[in-house]
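Written out below as structure tokens is the structure these notes cover.
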Amino acid sequence: MDNLVTRCAHAGIPVAPASDAAVHAGVARLSRHKPMDVVHVREVTVAARIAGKSDEERVLVIPRLRRWQRPHRGGDVWRTPLPPWGMRLARLLRGVRRAVGDVELIVDWADDGRRCRLVAVRPL
């Protein structure tokens, strides 16, 4: 696992410790032959914890980006626009694929509202 994270860090992908302040965090499952990635996300702010919503988990389908593609639409039937953190996550996942290769991975990530960062990478 550490080898995959260091490969990503050397490729210029931002890596964050698990204790870093984040607004959204979750787990993305990268599939090898599918055009979409399934992401499980939850809000991890203090306000969400107080409201009791920090345990609510949403599932988001993010399209797998090619080299010059921009992330702006989701992978659902309605092609719903991605939230800003979803766009940053799609770019992060594209970078992880470039650094590690096209393999099946589970990626832990955190977004602080300005930047999406890699927390951990492990093979599926």
Side-chain angles (χ1 to χ4, degrees):
M1 178 176 94
D2 291 329
N3 185 25
L4 294 175
V5 173
T6 55
R7 283 173 62 184
C8 291
H10 287 302
I13 297 171
V15 178
S19 63
D20 197 13
V23 177
H24 293 92
V27 177
R29 182 177 177 161
L30 304 177
S31 297
R32 188 171 181 188
H33 298 292
K34 294 184 181 176
M36 305 290 168
D37 296 324
V38 178
V39 177
H40 296 272
V41 62
R42 63 191 189 302
E43 191 175 339
V44 292
T45 60
V46 175
R49 287 189 198 120
I50 292 171
K53 294 185 177 184
S54 62
D55 293 334
E56 289 181 13
E57 189 172 279
R58 294 176 28 195
V59 177
L60 186 67
V61 179
I62 295 180
R64 180 179 178 167
L65 296 181
R66 288 186 226 128
R67 190 173 188 171
W68 298 106
Q69 217 172 5
R70 288 178 31 197
H72 63 285
R73 295 280 180 195
D76 59 355
V77 178
W78 302 284
R79 306 267 306 143
T80 308
L82 289 173
W85 59 265
M87 293 181 207
R88 291 188 292 268
L89 176 61
R91 288 190 295 268
L92 178 82
L93 296 179
R94 176 176 54 196
V96 168
R97 278 198 176 94
R98 280 187 193 161
V100 177
D102 192 18
V103 294
E104 304 222 353
L105 297 170
I106 295 179
V107 176
D108 294 336
W109 58 275
D111 189 291
D112 63 3
R114 292 179 41 173
R115 193 169 197 187
C116 191
R117 295 184 176 140
L118 184 67
V119 175
V121 179
R122 57 189 179 275
L124 189 62

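Residues passing the side chain to side chain contact (heavy atoms under 4.5 Å, CB included) test with R97 are L30, D37, R64, D102, sequence neighbours excluded. A search for side chain to side chain contact (heavy atoms under 4.5 Å, CB included) contacts involving R58 returns V41, W85, not counting sequence neighbours.
Note: R88 CZ to R117 CZ = 10.5 Å, rounded to the nearest 0.5 Å. Once rounded to the nearest 0.5 Å, the distance linking CD of E43 with CG of D111 reads 11.5 Å. A distance of 11.0 Å separates CZ in R91 from CD1 in I62, rounded to the nearest 0.5 Å. The structure places NE2 of H24 at 11.0 Å from SG of C116, a figure rounded to the nearest 0.5 Å.
The two residues E104 and R32 have their closest heavy-atom pair at OE2-N, 3.5 Å. For the pair P83 and L60, the tightest heavy-atom approach, listed with the atom from each and the gap, is CD-CD2, 4.5 Å. Residues R94 and R66 approach most closely at NH1-O, 3.2 Å, considering heavy atoms. Taking both residues in full, the closest heavy atoms of A120 and V5 are given as CA-CG2, 4.1 Å, listed atom of the first, atom of the second, then distance. The two residues V121 and C8 make their nearest non-hydrogen contact at CG2-SG, 4.4 Å.
Following chains of ILVMFWY side-chain contacts shorter than 4.5 Å, one can reach V103 starting from I13, so the two form part of one hydrophobic cluster.
Of the possible donor and acceptor atoms, none in the side chain of R122 sits under 3.5 Å from a partner among the backbone N and O of I106.
A side-chain contact (heavy atoms from CB on, under 4.5 Å) with W109 holds for exactly one of V96, L118, L89, V27; it is L89.
In this structure the side chain of S31 never reaches within 4.5 angstrom of the side chain of V38, judged on heavy atoms. At a threshold of 4.5 Å between non-hydrogen side-chain atoms, the residues H40 and R29 do not count as touching.
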